[in-house]
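The structure under discussion appears below in the form of structure tokens.
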Amino acid sequence: FAMEQIEITKGPSSTFAGRGSTGGAVNGITKQASVDNSFAFLGAGFGTDEYRRITVDVNQPLGENYALRANLLSAEEDVPDRAPAGKERKGALVSLVGDITERFSAVADVYHLEADDIPDLGSYFDRDTRKPVEDMFVYVQKDSDFLDTNVTTGTLKLVYEFDGPLTAYNISRYGETDNGYVTTGARGSTRDVTDPVAPGAPTVTLSSHQGWQEVEYFVNQLNFVYELDAGIEHRFVAGIEYSDEEVLNGVYDLANTAPTNCIVPGRGGVSESYCATDANNEPYANVNTLLGREVTKGGSDSWFRAETISAFLMDTVTFNEQWSGFFGLRYDDIDYRNSVVGRGAVEPTEYAYQDGYWNGHAGLVRTIGDNGNVYLTYSTSTNINGGESDVGGSCGYGGLCGTPDQVRVSDPEHMKNFELGTKFNLFDDRLLATAALFQMTKSDVMESVGDAYSSIGTLNTGENRVRGIEFSLAGNVTEAFSVQFGAAFMDSEVTKSFNPENVGLALSNFADNSAYLQGRYQVTPKFSFGGALTYQSEMYGGQPDSAAGYDDTIGDYSVVVPSFTVLDLFVNYDFTDSLRLRANVGNVTDENYWTAAYRSGSFMYIGDARNAQVSLTWSL
């Protein structure tokens, strides 16, 4: 509701996005007030699964040099065919722009979003059938499951145009985010032989998962843009950036007040538990309140802070009509601290270090005729040890690897990418076609050793590689028919590991092949229709950022996420210049599919079932 445009940069992007942007960066450009004209849009939608959505977008100039814009959102819906799991959103964005002088302008905005969800962890992987369980009943605990997020940010952008080809930009942002969740998981099990209801019978047991997080951050970035034409055209961007990110993580205290109803075996031996299904493996009538869970907010278990000072220089250069290039270099200096209370510990473990690292990108572009080009690029990025602030010392989840002394001497993870591609405009510039070959390599990967929850890691012993080719088409094939198409064919592989058995395995939750095709046909000036096909090849569960789990006894990956193809349809109709209708049907064939797997297969996240929405937009 608040976004004007979303920009996606693929591949390592630390030169302009900072640490951690190994796979790329997403930049959301929010809606900004305009002094050019006043307008108002009102949107309303309804649909299946209690879908309701209302948006308001109003822009009003305040004289010749100032303008105010407000965007509002209220939305709610059930997860298709998974109620009482659902989502609720309330949000607002207020933007003010002003031309203070002929050279000096400012943009300020305040953004707020409240998200109140009842999350659904989906199905689980059945190791006997080697498939995810289909038609999984809904087991969320409707009175105690939640995923609540509150986001508030304030941004101030100042622009000054000097007398000449120099412009200065200063952007400051302060933000706070509160996030908390308690959710229920389900997994296949077997009642113990001592179970009084159905000894040895198959069943589904429920588990609880929870945590809270409070984030506070401040960022200030100063950029200078200088354009130079001295026979060779340059566009320089130079800047410095300061960021201070602080994250407090904690836990909830949970008490299950309902009595246990079964006895099951487990890693810790035989124990009383909560079984969601009866002796016939059918869900209990009270499955959505089975635990009788009570929730209170508990104490913190980790405090994370990262202060970073960065400097960067980038240049886009035009050598002549055929050749151009782009180059960039960035240095980050980080002061890192993390105070972690580990499993069973009373006193926190203190982690602290200071590090600095360089990243860069470079590329050349060769123009071919009037409609195409070929380019070659190289880029890098860096991940620090302990980049995931919410998992403390859990190395296997992306947290800190090693003891405090190990962490101080560890190297960051390094990512590099080579890409060779081409872009061509076809059919009188109506259709853009692209193709790219690429190879991304992550080295010095942190790995954990020992059991799955070990926090003592073997540092910087892993290496992963992804090779692939990507194609896309976007634009009009004819005056009436437009198309968007993208396909990627990739191969992921662990090339080095502390565990030699991991070498050669695919990365977890990584789809080698994917494709998307959307077609739209404009039947009349007022009426259009179309559809979209989304395809994803199978994936395998496993350790995040490492090899997918492999079972030597069966000679195959332990947890498999099946491939899927989903069809969506849509219709647009303009009643007048100011009133437009849009109808969407998602997952028309009601395909059962799963989008990802937890490493053990305990959670298999379910894709949306068939759903439909109708939306109206009024221009006032």
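The figures here come from the full heavy-atom set of this structure, side chains too, leaving out hydrogens, waters and symmetry mates.
- Side-chain polar atoms of E447 and T461 form a donor-acceptor pair below 3.5 angstrom.
- A side-chain contact (heavy atoms from CB on, under 4.5 Å) with K442 is found for exactly one of L507, T495, T22, namely T22.
- Between D57 and K31 there is a salt bridge, with a side-chain nitrogen of the basic residue lying less than 4.0 Å from a carboxylate oxygen of the acidic one.
- Side-chain rings of F418 and Y378 approach one another, their centers coming within less than 6.0 Å.
- Side-chain contact, S443 with H414: no donor N or O sits under 3.5 Å from an acceptor N or O.
- Judged by distance alone, with hydrogens and angles left aside, the side-chain atoms of D120 form a donor-acceptor pair with the main-chain N or O of G122 at under 3.5 Å.
- Ring to ring, F224 and Y226 are not that close: their centroids are 6.0 angstrom or more apart.
- Counted by atom type alone, R293 and S144 present one or more donor-acceptor pairs between their side chains at under 3.5 Å.
- A distance of 7.5 Å separates OG of S105 from CD1 of I100, quoted to the nearest 0.5 Å.
- We find that K10 and E470 are joined by a salt bridge, their nearest charged nitrogen and carboxylate oxygen being less than 4.0 Å apart.
- When all heavy atoms are compared, the tightest approach of Q536 to T595 is NE2-O, 4.0 Å.
- Between atom OG1 of residue T149 and atom CG of residue D178 there is a gap of 9.0 Å, rounded to the nearest 0.5 Å.
- A salt bridge links E493 with R465: the distance from a Lys NZ or Arg NE/NH1/NH2 to an Asp or Glu carboxylate oxygen falls below 4.0 Å.
- Summarising the geometry of V140 relative to P119, their closest heavy-atom pair is CG1-O, 3.3 Å, with the distance given to 0.1 Å.
- Of the listed residues (T15, T380, N417), just one forms a side-chain hydrogen bond (donor to acceptor under 3.5 Å, both in side chains) with H361, and that residue is T15.
- For the atom pair CD of Q354 and OH of Y336, the computed distance is 14.5 Å after rounding to the nearest 0.5 Å.
- Considering every non-hydrogen atom in both Y139 and L121, the closest pair reads OH-C, 3.4 Å.
- In this structure a side-chain-to-backbone donor-acceptor pair under 3.5 Å is present from Q141 to L291.
- In this model, a donor atom of one side chain and an acceptor atom of the other lie less than 3.5 Å apart for N359 and T382.
- Annotation for L459 and S410: closest pair CD1-CB, 3.4 Å, computed over non-hydrogen atoms.
- No donor-acceptor distance shorter than 3.5 angstrom exists from the side chain of E176 to the backbone of V151, with no hydrogens or angles considered.
- How far OG1 of T167 is from CD of E161: 5.0 Å, rounded to the nearest 0.5 Å.
- S14 and R330 share no side-chain donor-acceptor pair at under 3.5 Å.
- Judged purely by atom type and a 3.5 angstrom limit, Y353 uses its side chain to pair as donor or acceptor with the backbone of N385.
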Report task. Could you give me the CA-CA distance, side-chain angles and deciding distance for Y252 and F146, then say whether ring-ring contact (aromatic ring centres under 6.0 Å, His included) is met? Result -> CA-CA 12 Å; Y252 289 97; F146 64 89; 5.6 Å; yes
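- Rounding to the nearest 0.5 angstrom, the gap separating the CD atom in E88 from the CG atom in D116 is 5.5 Å.
- To the nearest 0.5 Å, atom CZ of residue R69 and atom CG of residue D109 are 11.5 Å apart.
- Taking 4.0 Å as the cut-off between side-chain N and carboxylate O, R82 and D49 do not count as a salt-bridged pair.
- Ring-plane geometry between H209 and F603 is classed as perpendicular, the angle between the planes exceeding 60 degrees on a 0 to 90 degree scale with a lower cut at 30.
- No option in R337, R173, R305, R19 other than R19 meets the salt bridge (Lys or Arg N to Asp or Glu O under 4.0 Å) test with E245.
- Residues F304 and Y351 keep their aromatic ring centres 6.0 Å or farther apart.
- With S95 contributing its side chain and A33 its backbone, the two residues share a donor-acceptor pair below 3.5 Å.
- Checked by atom type, the side-chain pair N223/Q221 shows a donor-acceptor distance below 3.5 Å.
- The closest side-chain donor-acceptor pair between N170 and N220 falls under 3.5 angstrom.
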